[in-house]
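A quick write-up on the structure given underneath.
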Amino acid sequence: MAFMAFNHGVNVVGMVKNKQKYCMTCAWAMQVDYDKVMLLIGKQSVTGQKIMPGDIIGISALSEFQREIALKLGDEHSDQVDKLEGIQHLDNDGAIYILNAARLMKVEVLEIMHPKGIEEDNLIYGKIIEKIETIFPFLNMSDI
């Protein structure tokens with residue numbers, strides 16, 4: 001990433017859909033209201049291709065000591081390997097959380113948009129329906 005306009009956190013998006021676990025690292029995430037978030041997921045992401053309005057997803061804002069998890073989950077595709085093998089995680093009604101993350105959020109996907117200039121990607125808008133804050137500091141993209 002040549003230019004970083006903001007200090008991005010490192011997040012994991014995870015869900016179980018049709019008995020298959022999907023998980024990915026997502027840097028392009030932000031809170032847009034007290035209980036609303038947006039994620040930009042690239043067209044190449046198998047996880048992003050499976051997320052639909054009405055789905056429940058987990059978002060884990062990783063802790064500063066979870067760099068290796070971020071790297072592992074950012075490599076390969078969920079339909080090719082078990083990306084969560086060896087990673088402590090929890091399935092909460094289909095939302096997958098990475099344990100010991102700085103923040104854990106269960107999110108209902110409200111809408112998927114395709115704005116001009118990034119039409120092929122998925123801009124996901126969702127509502128936080130459950131959240132957990134830990135004492136751990138955030139992992140930043142600049143630390144990767």
Side-chain angles (χ1 to χ4, degrees), residues 1-85 87 89-98 100-134 136-144:
M1 187 174 349
F3 173 69
M4 190 170 74
F6 301 97
N7 185 15
H8 296 283
V10 182
N11 310 285
V12 169
V13 177
M15 70 175 187
V16 178
K17 191 166 191 174
N18 300 323
K19 299 182 182 178
Q20 170 73 40
K21 290 182 179 182
Y22 295 96
C23 211
M24 61 165 291
T25 302
C26 177
W28 308 107
M30 65 184 289
Q31 183 175 358
V32 295
D33 199 353
Y34 295 106
D35 64 345
K36 305 291 187 316
V37 295
M38 294 186 92
L39 313 164
L40 181 63
I41 300 180
K43 67 178 180 178
Q44 77 288 350
S45 169
V46 171
T47 302
Q49 293 168 17
K50 299 296 181 182
I51 297 172
M52 296 293 154
D55 284 346
I56 300 297
I57 61 174
I59 302 174
S60 303
L62 295 183
S63 300
E64 67 181 359
F65 56 84
Q66 294 180 310
R67 182 179 186 274
E68 294 306 313
I69 291 172
L71 294 172
K72 179 179 179 185
L73 295 177
D75 196 26
E76 301 189 73
H77 293 289
S78 296
D79 62 350
Q80 296 173 346
V81 297
D82 180 1
K83 293 172 82 170
L84 293 165
E85 183 178 354
I87 296 176
H89 65 282
L90 172 68
D91 175 0
N92 178 4
D93 297 324
I96 294 176
Y97 299 141
I98 304 303
N100 298 314
R103 303 290 184 275
L104 303 171
M105 293 162 275
K106 185 183 211 179
V107 173
E108 177 187 0
V109 176
L110 300 175
E111 186 177 354
I112 300 176
M113 297 166 270
H114 304 278
K116 187 176 181 178
I118 53 173
E119 296 91 349
E120 295 179 351
D121 297 333
N122 293 308
L123 183 60
I124 297 169
Y125 175 61
K127 179 177 181 169
I128 300 169
I129 53 179
E130 288 181 22
K131 60 186 180 291
I132 298 171
E133 295 182 60
T134 70
F136 303 121
F138 291 103
L139 175 65
N140 297 304
M141 245 349 232
S142 58
D143 298 326
I144 298 286

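Contact annotation: the side chain of Leu110 approaches that of Lys36 to within less than 4.5 Å [non-hydrogen atoms, C-beta and beyond]. Using a 4.5 Å heavy-atom threshold, the side chains of Thr47 and Ile41 count as separate. Contact check for Leu39 versus Ile51: no side-chain heavy atoms found under the 4.5 Å cut-off. Inter-residue side-chain proximity for Ser60 and Leu104 is flagged as met; some heavy-atom pair is nearer than 4.5 Å. For the pair Met15 and Ile56, the minimum side-chain heavy-atom distance is 4.5 Å or more.
Taken to the nearest 0.5 Å, the CE atom of Met30 stands 12.0 Å off from the CG atom of Asn11.
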Next on the checklist: Could you go through Ile98 and Leu62, starting from their C-alpha distance and side-chain angles, then the distance that decides it, and tell me whether this counts as side chain to side chain contact (heavy atoms under 4.5 Å, CB included)?
Outcome noted: CA-CA 8 Å; Ile98 304 303; Leu62 295 183; 4.1 Å; yes
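Judged by distance alone, the side chain of His8 and the main-chain N or O of Asn140 form no donor-acceptor pair under 3.5 Å. Without hydrogens or angle criteria, Thr134 side chain to Ala102 main chain gives a donor-acceptor distance under 3.5 Å. Under the 3.5 Å distance criterion, the side-chain polar atoms of Asp91 are left unmatched by any main-chain donor or acceptor of Ile96.
Between Tyr97 and Asn92, the shortest heavy-atom contact is OH-ND2, 3.2 Å.
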N/O donor to acceptor pairs below 3.5 angstrom from side-chain atoms of residues 19-27, sequence neighbours left out:
{"from": "Gln20", "atom 1": "NE2", "to": "Ser78", "atom 2": "O", "distance (Å)": "3.0"}
{"from": "Lys21", "atom 1": "NZ", "to": "His89", "atom 2": "NE2", "distance (Å)": "3.0"}
{"from": "Thr25", "atom 1": "OG1", "to": "Ala70", "atom 2": "O", "distance (Å)": "2.8"}
{"from": "Thr25", "atom 1": "OG1", "to": "Gly74", "atom 2": "N", "distance (Å)": "3.2"}

